[in-house]
Amino acid sequence: MENILSFIGDNMDMIYFLILAVLLGVEVISKVPAILHTPLMSGANAIHGVVIVGAIIVMLQASPDDYVAQAIGFTAVVMGTLNVVGGFVVTDRMLEMFKKKPTIKK
Amino acid sequence: MENILSFIGDNMDMIYFLILAVLLGVEVISKVPAILHTPLMSGANAIHGVVIVGAIIVMLQASPDDYVAQAIGFTAVVMGTLNVVGGFVVTDRMLEMFKKKPTIKK
Amino acid sequence: MSLNILEISYLIASLTFVIGLKMLSHPDTARKGNLIAGLGMLVAIFATIFLFQDYDSSKIANYGLIVLGLLVGTIIGNIMAKKVKMTSMPQMVSFFNGMGGACAALIAIIEFRHHDPSLRLSSFDGAMFIMLLGLTIGSVSFSGSLIAFGKLEGKIKDRVLPFNQAFNMAMLLAIVILMVVLMMNNQMNNPLFYLLLVLALVYGVMFVMPIGGADMPVVISLLNSFTGVAAAFGGFLYGNKAMLTGGILVGSAGTILTILMCKAMNRSLTNVLLGAFGGTKAGGSGKEVGDQSVAEISINDAAVLLSYSHSVVIVPGYGLAVAQAQHICHELDQLLEEKGVEVSYAIHPVAGRMPGHMNVLLAEADVPYEKMKEMDEINPKLSNTDVVIVIGANDVVNPAAKNDTSSPIYGMPILEVDAAKNVIILKRGMSTGYAGIENELFFYPKTKMLFGDAKDSLQKLVSEVKEV
Amino acid sequence: MSLNILEISYLIASLTFVIGLKMLSHPDTARKGNLIAGLGMLVAIFATIFLFQDYDSSKIANYGLIVLGLLVGTIIGNIMAKKVKMTSMPQMVSFFNGMGGACAALIAIIEFRHHDPSLRLSSFDGAMFIMLLGLTIGSVSFSGSLIAFGKLEGKIKDRVLPFNQAFNMAMLLAIVILMVVLMMNNQMNNPLFYLLLVLALVYGVMFVMPIGGADMPVVISLLNSFTGVAAAFGGFLYGNKAMLTGGILVGSAGTILTILMCKAMNRSLTNVLLGAFGGTKAGGSGKEVGDQSVAEISINDAAVLLSYSHSVVIVPGYGLAVAQAQHICHELDQLLEEKGVEVSYAIHPVAGRMPGHMNVLLAEADVPYEKMKEMDEINPKLSNTDVVIVIGANDVVNPAAKNDTSSPIYGMPILEVDAAKNVIILKRGMSTGYAGIENELFFYPKTKMLFGDAKDSLQKLVSEVKEV
Ligand SMILES: NC(=O)c1ccc[n+]([C@@H]2O[C@H](COP(=O)([O-])OP(=O)(O)OC[C@H]3O[C@@H](n4cnc5c(N)ncnc54)[C@H](OP(=O)(O)O)[C@@H]3O)[C@@H](O)[C@H]2O)c1
Ligand SMILES: NC(=O)c1ccc[n+]([C@@H]2O[C@H](COP(=O)([O-])OP(=O)(O)OC[C@H]3O[C@@H](n4cnc5c(N)ncnc54)[C@H](OP(=O)(O)O)[C@@H]3O)[C@@H](O)[C@H]2O)c1
């Protein structure tokens, strides 16, 4: 108990950040029309591709003689990039179909 | 420039917190019907009464022989409490009028 | 340990603020939202009293004074809030808002008295900067709110000083310069700090003074968000998350709310603040319009017309509030219902001088809620209505909003009363409403005017209808 | 200095994610929102490459491999995303989502290899805990997404194993226990870590396997939010704010989106995941219904009826996609327009198997956007329509949603095609649609069936209409 309390106390900033971000995520998309569900899912998919940043950091920190780490890290970079690039491009293609219609009612 | 950059860097957590909270504030009330404008204003008014917490802290820290600080602090506590108590009670009275109507359309 | 619990209490309070605000923006949950935020506030206050520890956790004291202050504030606040009339609530909000602003400013003053700039860690004295901002914004909010309060109470008249706008700009500039000076020349207990306090207080007065009394709800909402920001600065000073969340949320939500309120009246915020038409309100005396003429109706005729209708819609407006005619209006409504006439009220979202004004007013007179119809609901039904009685409303039934692209209110949705078979208008003369513009509706063939104070006219109508 | 710029870059990226997501949820701004979030991502990536510094700012290297990895990923991702058919996009999203999950899991693995628990500061090894969570969630997301991909590609069949539900529960329990064990028995390079990896991968497979192929969009959306959470755990590990914001936002927004998607189909998430009716899809062979009988129409009669109508509304459904009949459908539409018939398409929001499915399909066949009408827009017009052609749609025109309170789809808004003068239904037999329920519409007097594969039937119709 003591332990958990102090863990929470030490990470207060993070907890606020977390809660605010979660609430913001909920509020931001809470009124999306059904036709946008798929593109929105795809766009969100591209955004979590930010995990690539972690892969890059891993690679930057891997020592040049740790081949295992390099191999795994390289795979991670490729996969993360796939997520980012593929995600944004697919979303853009999906949304292309909206461009012709000037206004779309909910 | 250097100075400002490092100030920003040092306070990153705070800046994220600030931005997220601002955005959340905007999103949360962005679709409020006109009839609720006044009660919402009043409710928000009560919420910023949280400044009373600052007044209490000031008082807790004031040394017992600093009479000026005590006088100002006491005034601050009274005023802050007025803000909180008055704010919530007035809001509640305003909202009382909604209770009779079972459902209210936008 | 207890510090952790304090932090968690603040977290809970912050969450209740977010949730409360969210719930306050939906009619069904609003009241509960207010309650939840209030409970969170209680948690924050008690946690601070019992758990707050200073760094050296020693010189903590003054419990007696704190509790006394809380008690005094609670009692006074409670009495004021309970006794205030429904229709005076906006000024009450303004008053309480001013208290919050003052509280923030006072905190800044006390902290300033202890503040030793030589102890700062970096070249930029963040704490000092925050105090200056807290002091300024809190003070502006305090004095501005009190002026707004006075205006709504009718104790302070709208008055535009010569060069008011330029003067305000100059003051704002002076405040900024003073802040820069205080930051550059940062020494303990610099007396210029108090000059800043005075300037900010004066600026608050000058800022609100020229704005028309009718625009006060918008101004109060703006000052409300100011106080929120001031509270947030207090939060920065102490690294207090509850103050920060509460303050920032109110700061941003309040700003959006201010904009929404302006939008509901089809105006921009600058327009309100610079008083494009807010400050030029005409009195009660009528001014006749050019060559057009209006048709009047006698009390007698009106009573007969009403008694033999099937459906009557009452459109209340600001004039009903001015005349305090809500009770007699409800009496007429009941009388007609007894005679088998179907009566309902058409509530325009910005009728009166604050959102919900008419609802509050009519609720006070015990008009049942089911009878109050919102604009979108009643508009389609107006074409089947025999008589519309417009009581002290003007802008909200002005067809210029639909027809005249050059009108300042063009685009605002209105109650389309000219669809009804007959329209009777109760007002004192031909003077304009809030927006200060003519209303063509009065000259329509189906419109009949019943001049006089709304309360008087309604009283006469009631006696006549009883006779019929 | 450069670290500060790095932090500011992450701040910018985080902001673009919020703004992008916000814009993505409005049709007019969606595309720009995607672009903005993409730019923010670029900023985050390049800032990391050029500005990231380790604590000892020394052993930073592998630039070559990083750039190579980025290049390879970009090229492959770009080609895949550009070449994929519009109608295969959901599986593409699923694939990319799996890549993200794998990336998160791999990061956890590498970090685990270096992680020395004896260096931890407090009794609770937060970093280890985060790695375990990141590994598990990332792996589940990876294997689950690949299965979903396979299902949508038609390469993996729906299959419910005996006791599948109980088995999954047991696996979940095993994963939790293993995590607890790893936390308690925290030593460097504990091999149990890799057992956790395997368990998580298997769980992902078992989790998605029994869910009906048609429910995959919902599952993908759920796995999408999983990957978001996994990315956020990566952010925790490095204290990286961009990863945190992006991950958390997607985690929470993705969850809400999943729920919204379920709601649009009038189902609950548990219902989808436990496969109440998702897994029991009937094939193409018809099953005749009790004593009722349907009326068929010949190609010839249908062609005449269509040619001499004033207005025709086409209702596309899942069957149109299965038959890949969108091009021939457009041909029929143009042919009729040439004959002076007014043709439009009625798009139900959940027609097909993903939101926007029909829009994508018809856009591919160059049907102009103005012709696709949304449900709310077209429903009131259907009573003035001469003929409605329902092509491979079933649930979205099922009157049970309006009339039959006991129906599983009761309450879902439908296209009210029975208001039209004639209804022609193109399908292969009498089998049910996605929801697996009978459709009374087929037995209505004004309804005529045209049995056969949609593409075949339409082809024949086109030739016949040309003859008329
Ligand atoms: N609701 C809000 O939130 C809010 C806030 C600020 C501003 N506003 C603005 O206020 C306006 C509201 O429109 P409204 O139609 O309610 O009012 P209005 O347009 O301001 O008109 C009120 C009318 O009442 C008449 N009147 C005044 N005292 C009276 C009395 N004792 N007996 C009978 N009649 C009396 C006046 O004419 P006579 O002098 O000839 O009698 C006047 O024309 C809108 O322009 C709105 O934008 C609304
Ligand atoms: N849009 C989404 O996001 C989404 C996602 C998941 C689930 N759903 C659900 O999917 C359903 C969509 O409804 P819907 O009306 O589009 O489709 P549906 O109700 O699934 O019906 C499709 C019909 O098409 C016929 N068909 C299949 N192949 C055909 C072919 N080659 N030629 C002609 N007809 C063919 C089938 O009948 P025969 O076999 O007799 O030909 C079947 O009855 C809803 O229940 C919705 O809730 C939607």
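A note on names: the letters A, B, ... follow the listed sequences, proteins ahead of strands, and every chain is numbered from 1.
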Between Gly77(C), Gly38(C), Cys103(C), who has the most heavy-atom pairs with chain B when the cutoff is under 4.5 Å? Cys103(C)

Among Asn97(C), Leu249(C), Ile347(C), single out the residue with the greatest number of heavy-atom pairs under 4.5 Å to chain B. Asn97(C)

Whether the Tyr10(C) and Thr48(C) side chains hold a donor-acceptor pair (N or O, under 3.5 Å, no angle test) is what I'd like checked. yes

Scored by heavy-atom pairs under 4.5 Å with chain C, the best of Ala69(B), Gly73(B), Ser30(B) is Ala69(B)

What's the verdict on side chain to side chain contact (heavy atoms under 4.5 Å, CB included) for Leu362(C) and Lys371(C), showing C-alpha distance, side-chain angles and the deciding distance? CA-CA 10 Å; Leu362(C) 294 174; Lys371(C) 279 193 162 185; over 6 Å; no

His357(C) portion near chain B, given a 4.5 angstrom heavy-atom threshold: neither

Quick one: which of Val89(B), Val77(B), Val32(B), Ile47(B) has the most heavy-atom pairs under 4.5 Å with chain C, could you say? Ile47(B)

At a 4.5 Å cut-off on heavy atoms, which part of Met261(C) comes close to chain B: side chain, backbone, both, or neither? both

Does Lys22(C) qualify as a cation-pi partner of Phe17(C), given the criterion of NZ or CZ under 6.0 Å from the six-membered ring centre and within 45 degrees of its axis? no

In terms of heavy-atom proximity below 4.5 Å to chain C, should Val26(B) be classed as side chain, backbone, both, or neither? both

With a 4.5 angstrom heavy-atom cut-off, which part of Asn11(B) approaches chain C: side chain, backbone, both or neither? neither

Please name the pair of heavy atoms, one in Thr258(C) and one in Ser221(C), separated by the smallest distance, quoted to 0.1 Å. OG1-OG, 2.9 Å

Lys82(C), part contacting chain B, at a heavy-atom distance under 4.5 Å: both

Please classify the contact of Leu68(C) with chain B as side chain, backbone, both or neither, using a heavy-atom distance under 4.5 Å. both

Relative to chain B, which segment of Glu364(C) carries a heavy atom at a distance below 4.5 Å: side chain, backbone, both, or neither? neither

Residue selection (most heavy-atom pairs with chain C, distance under 4.5 Å) from Val84(B), Thr91(B), Val51(B), Val68(B): Val51(B)

Please give me the minimum heavy-atom distance between Ala231(C) and Gly247(C), naming the atom from each residue. CB-CA, 4.2 Å

Counting heavy-atom pairs under 4.5 Å with chain B, which one of Phe236(C), Phe95(C), Phe96(C) comes out on top? Phe96(C)

Pair Phe129(C), Asp125(C) - check side chain to side chain contact (heavy atoms under 4.5 Å, CB included), show working. CA-CA 6 Å; Phe129(C) 186 58; Asp125(C) 187 353; over 6 Å; no

Using distance alone, with no hydrogens and no angle criterion, decide if Thr81(B) and Thr74(C) have a side-chain donor and acceptor under 3.5 Å apart. no

Heavy-atom check, side chain of Met89(C) versus side chain of Ser42(B), under 4.5 Å: no

Does a sphere of radius 6.0 Å around NZ in Lys32(C) hold more than 12 heavy atoms from other residues, nucleotides or ligands, not counting ones at 6.0 Å or beyond? no

For the CG atom of Asp66(B) and the CD atom of Gln61(B), what is their distance to the nearest 0.5 Å? 12.0 Å

Region of Ile45(C) in contact with chain B, defined by heavy-atom distances below 4.5 Å: both

Find out whether Gln70(B) and Pro64(B) are in side-chain contact, i.e. whether some heavy atom of one side chain is under 4.5 Å from a heavy atom of the other. yes

Under 4.5 Å heavy-atom distance to chain B, tell me which part of Asn224(C) shows up: side chain, backbone, both or neither. both

Per-residue tally against chain B (heavy atom, under 4.5 Å) across Ala102(C), Gly69(C), Gly239(C), Gly98(C) peaks at Gly69(C)

Under a 4.5 Å cutoff for heavy-atom pairs, which residue among Ile52(B), Ile56(B), Ile57(B), Leu18(B) has the most contacts with chain C? Ile57(B)

Between Met243(C) and chain B, which part of the residue has a heavy atom less than 4.5 Å away: side chain, backbone, both or neither? both

Largest heavy-atom contact set with chain B, pairs under 4.5 Å, which of Thr255(C), Leu244(C), Ile49(C): Leu244(C)

Does any non-hydrogen side-chain atom of Asp13(B) lie less than 4.5 Å from one of Phe17(B)? no

Greatest number of non-hydrogen atom pairs under 4.5 angstrom with chain B, of Ile109(C), Asn78(C), Ile75(C), falls to Asn78(C)

Taking the side chain as C-beta and beyond, is there a heavy-atom pair between His48(B) and Val229(C) under 4.5 Å? no

Non-hydrogen atoms of chain B under 4.5 Å away: do they reach the side chain of Lys83(C), the backbone, both or neither? backbone

Portion of Val84(C) that has a non-hydrogen atom of chain B nearer than 4.5 angstrom: both

Please state whether the side chain, the backbone, both or neither of Leu71(C) comes within less than 4.5 Å of a heavy atom of chain B. neither

Side-chain heavy-atom pair Tyr16(B), Ile19(B) within 4.5 angstrom cut-off: no

